[in-house]
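Letters A, B, ... are given to chains in the order of the sequence lines, protein chains preceding strands, and every chain is numbered from 1. Since the structure is predicted, the reported quantities are computational estimates derived from the model, not experimental observations. Hydrogens, waters and symmetry mates play no part in the numbers below; they use all other heavy atoms, side chains included.
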Amino acid sequence: MASRPSYYLTTAITYPNAEPHIGHAYEYISADVMARFKRLDGFDVRFLTGTDEHGQKVQQTAEREGLTPYELATRNAQAIKRVDDEVLGISYDRFIRTTDQDHYEASQAIWHRMVDAGDIYLDKYAGWYSVRDERFFAEDETELRQDGQRYAAETQTPVTWTEEESYFFRLSSYQEKLLELYRTHPEFVAPATRFNEVIRFVEGGLEDLSISRTTFDWGVPVPKELTAGETDLNHVMYVWVDALTNYLTGAGFPHTDSEEFQRRWPADLHIIGKDISRFHCIFWPAFLMSAGLALPRRVMIHGFLHNAGEKMSKSVGNVVAPAAWTQTYGLDTVRFFLLREFPYGQDGSYTHDAVVGRKNSDLANNLGNLAQRSLSMIAKNCDGAIPEPAELLRSDVEIIEQADSLLALSREAYQSQQFHRALERTWYVLGEANAYFAEQAPWKLKKTDEARMRTVLYVTAEVLRRVALLIQAVMPTSATQLLDALGVEPDGDAGATNASNVGPRSFAAFRDKLVPGTPISKPQPIFPRHEEPQET
RNA sequence: GGGGGGUUAGCUCAGUUGGUUAGAGCAGAGGACUCAUAAUCCUUUGGUCGCGGGUUCAAGUCCCGCACCCCCUACCA
């Protein structure tokens with residue numbers, strides 16, 4: 001167990017102020033696929049997801065609804081967890097809440113470390129504040145109008161000069177260190193276009209960062225022993241200090257000597273959306289450098305999903321709930337579609353026709369039908385058991401070798417989260433397998449050369465087994481059904497836990513072979529075509 | 001305003017350091033087969049590579065200009 005390499009990955013934690021939509025599901029699913037793939041590949045995986053519950057908005061919403069902030073956060077966190085559990089089948093190892101007790105300890109501990117490093121100081125945050133927008137604007141983002149009042153150019157709201165006591169983090173002193181990090185670790189952020197934006201931003205100069213608030217109290221308190229003698233005000237941490245630290249909490253911080261922390265930190269992968277790349281690619285490594293902690297190995301920034309090219313928004317009314325999709329198309333289809341259709345890291349535009357196209361063409365026709373036709377022939381013509389192959393011919397060896405190549409190719413693609421590449425190549429091989437099957441025409445061989453027929457059916461089943469192993473991460477339920485249908489010994493859980501590290505359904509068994517004589521049952525279609533609901 | 005990216009078949013996109021007749025999938029057309037989920041296989045229609053110049057023996061691929069589209073330009077999560 002301990003000898004297996006660790007793989008620690010995280011999603012962003014969600015701010016629980018709205019129902020999760022398909023864009024959230026995209027992040028959870030892609031991280032889940034990554035986690036399952038690594039577990040199936042023998043890694044000791046830890047997969048963290050959860051909710052970011054502090055901040056002024058939660059506090060205000062709670063007040064409006066007559067709840068305490070914690071009650072509101074709990075209610076909404078449960079709604080998100082329910083989507084993970086009941087709608088999307090997310091195999092997280094811990095659902096972390098930033099209100100968890102150990103997270104308070106972790107947040108205060110990293111703050112302590114940054115103070116010890118001399119990177120935190122008390123000052124005043126001053127700027128043009130818009131009460132209506134609840135945010136500050138820079139001088140050049142405002143305009144003085146005829147009425148003598150200053151307005152925010154972006155939102156047209158009046159602003160007033162406001163000074164507020166705040167602790168600051170010496171971000172400015174990390175500019176060169178960050179650039180050095182980017183230079184020496186080109187794999188630290190992907191995709192490259194996002195990374196370039198980050199680099200250019202840092203090159204443009206960094207100002208110190210305000211990292212505490214005194215105007216509300218729903219947050220992790222800055223330890224009193226650290227503020228004594230400096231201020232009488234109660235400071236809570238700026239939410240991003242608290243939020244980012246969840247990744248450390250999930251690894252056992254602040255117990256840096258613990259076996260858990262030693263094993264899990266640094267994280268191998270943070271999966272995030274493009275809206276929060278700055279926090280993860282600039283602030284986060286700077287905080288960690290200050291705290292004397294190792295940096296995560298990679299930040300992967302996924303794109304946003306658009307509904308038929310339009311941004312999802314409540315006002316337009318085109319927001320898709322994950323459950324609406326899984327009910328319409330099926331969970332495995334949704335998972336497959338999201339990873340196959342869009343290059344990970346780019347924005348994607350979905351339509352009903354696009355989902356149905358993938359479901360019918362890729363799943364039902366190319367994969368489902370190949371399984372159904374080959375397994376049906378085995379059930380009817382081979383005494384209902386995996387047949388014994390005769391000597392393999394060149395064409396047999398070639399298709400087996402193509403299937404074989406998919407493991408290395410998938411590993412490489414997953415290593416850089418190029419999910420679509422792995423799937424694209426897998427379906428190319430399935431196309432080759434369909435051509436092989438048609439060319440060999442086992443239904444004709446049945447009348448002329450039964451031994452050859454058995455060989456063709458065996459080879460086809462063997463290709464299907466390897467494909468099924470690999471796609472467990474993407475479509476755990478369907479792939480499990482396919483492996484069942486192929487008579488592969490039941491084992492593991494399609495990557496849901498480390499129980500999938502070894503055994504006949506792990507990647508360790510990729511080059512094993514189907515055992516002739518293993519009985520199979522009469523096949524049932526695993527990937528049905530899409531049926532439009534009856535119009536009435 | 002400044003910086004960056006994009007514009008290739010009906011649709012979604014690949015196109016390496018410039019080099020022979022510009023590719024894939026889906027959709028469309030024709031044929032084959034009948035094991036299979038009206039699935040599969042074979043063949044095939046379809047592109048002035050946004051527009052205009054330029055460099056070069058040779059440009060989708062480099063340079064300049066133009067037109068649209070998108071992203072970034074710090075403290076809302």
Side-chain angles (χ1 to χ4, degrees), chain A residues 12-18 51-58 98 125 127 130 133-138 140-141 166 168-169 171 192-194 196-213 238-243 273-279 282-283 303-304 309 340-343 346-351 353-354 356-358 360-381 420-421 424 427-428 431 433-446 453 456-457 460 523-531:
Chain A
I13 50 177
T14 307
Y15 200 68
N17 62 345
T51 43
D52 172 18
E53 306 186 358
H54 293 126
Q56 194 167 20
K57 286 204 172 145
V58 167
T98 53
Y125 187 69
S130 161
D133 298 330
E134 296 164 11
R135 54 175 283 202
F136 283 92
F137 289 89
D140 60 10
E141 292 177 320
S166 172
F168 282 78
F169 174 75
L171 186 63
T193 53
R194 296 281 162 220
N196 288 337
E197 286 174 4
V198 167
I199 292 169
R200 253 176 264 113
F201 184 86
V202 174
E203 285 173 344
L206 296 172
E207 295 173 11
D208 287 351
L209 188 68
S210 162
I211 55 168
S212 76
R213 297 288 185 272
Y238 167 52
V239 286
W240 274 105
V241 173
D242 153 25
K274 62 182 185 178
D275 53 330
I276 53 177
S277 60
R278 178 168 310 138
F279 303 100
I282 301 173
F283 299 172
F304 285 169
R340 171 63 187 89
E341 185 78 356
F342 314 118
Q346 293 180 25
D347 287 354
S349 177
Y350 59 81
T351 61
D353 287 349
V356 171
R358 287 292 174 198
N360 288 343
S361 178
D362 288 353
L363 297 181
N365 298 351
N366 292 336
L367 173 56
N369 184 57
L370 179 63
Q372 186 67 13
R373 66 200 302 213
S374 55
L375 288 167
S376 288
M377 285 203 72
I378 291 173
K380 288 176 188 166
N381 304 300
H420 67 291
R421 290 215 166 180
E424 181 179 35
W427 257 259
Y428 170 78
N434 268 310
Y436 163 84
F437 199 82
E439 193 174 320
Q440 300 300 322
W443 57 92
K444 286 182 183 167
L445 292 169
K446 184 170 78 171
M453 173 198 76
V456 170
L457 293 176
T460 304
Q524 300 294 325
I526 295 169
F527 297 97
R529 292 178 63 81
H530 184 69
E531 289 179 25

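Side-chain proximity of Leu209(A) to the nucleotides U37(B), C75(B), A77(B) is greatest for C75(B). When each of U40(B), U73(B), A77(B) is scored by its nearest atom to the side-chain atoms of Ala438(A), the top-ranked nucleotide is U40(B). Considering only side-chain atoms of Glu197(A), the nucleotide from A14(B), A77(B), C71(B) that sits closest is C71(B). Checked against C71(B), A74(B), U40(B), the side chain of Asn369(A) finds its nearest nucleotide in U40(B). With distances taken from any side-chain atom of Glu207(A) to the nucleotides C75(B), U73(B), A77(B), the minimum falls on C75(B).
Geometric assessment of Arg373(A) against the ring of Phe437(A) yields a negative cation-pi assignment under the 6.0 Å and 45° thresholds.
Rounding to whole angstrom units, CZ of residue Phe201(A) and P of G3(B) are separated by 17 Å. If you take NZ of Lys57(A) and C1' of C75(B), they are 13 Å apart, rounded to a whole angstrom. Per the geometry, CD1 belonging to Ile276(A) stands 11 Å off P belonging to A77(B), to the nearest Å. Atom-to-atom, CG of Leu367(A) to C1' of A39(B) comes out at 13 Å; the value is rounded to the nearest Å. As rounded to whole Å, 11 Å separates atom P of G25(B) from atom CZ of Arg340(A). In this structure, Arg421(A) places its CZ atom 15 Å from C1' of G25(B), rounding to the nearest Å. Rounded to an integer number of Å, the gap from Tyr428(A) OH to G23(B) C1' is 13 Å.
Residue Arg194(A) is in sugar-phosphate contact alone, with no base atom involved, counting any heavy-atom pair closer than 4.0 Å across all strands shown.
When both distances must be under 3.5 Å, the Watson-Crick or G-U wobble mate of A29(B) is U43(B). Of all nucleotides present, only G50(B) satisfies the Watson-Crick or G-U wobble test against C66(B), with each distance under 3.5 Å. Pair assignment for A74(B): none, as no Watson-Crick or G-U wobble contacts are both less than 3.5 Å. In this structure U37(B) sits in no base pair that meets the Watson-Crick or G-U test at under 3.5 Å. A14(B) is unpaired under the criterion used here, namely a Watson-Crick or G-U wobble arrangement in which both key atom distances are under 3.5 Å.
Using modelled atom types, one finds no donor on one side chain facing an acceptor on the other under 3.5 Å when comparing Ser374(A) with Thr460(A).
One finds a salt bridge joining Glu197(A) and Arg194(A) here, because a Lys/Arg side-chain nitrogen approaches an Asp/Glu carboxylate oxygen to under 4.0 Å.
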Quick one, give me the B/S/- string for nucleotides 27-35 of chain B, reading 5' to 3', where B means a protein heavy atom under 4.0 Å from the base and S means that only happens at the primed atoms, P, OP1 or OP2. ------SSB
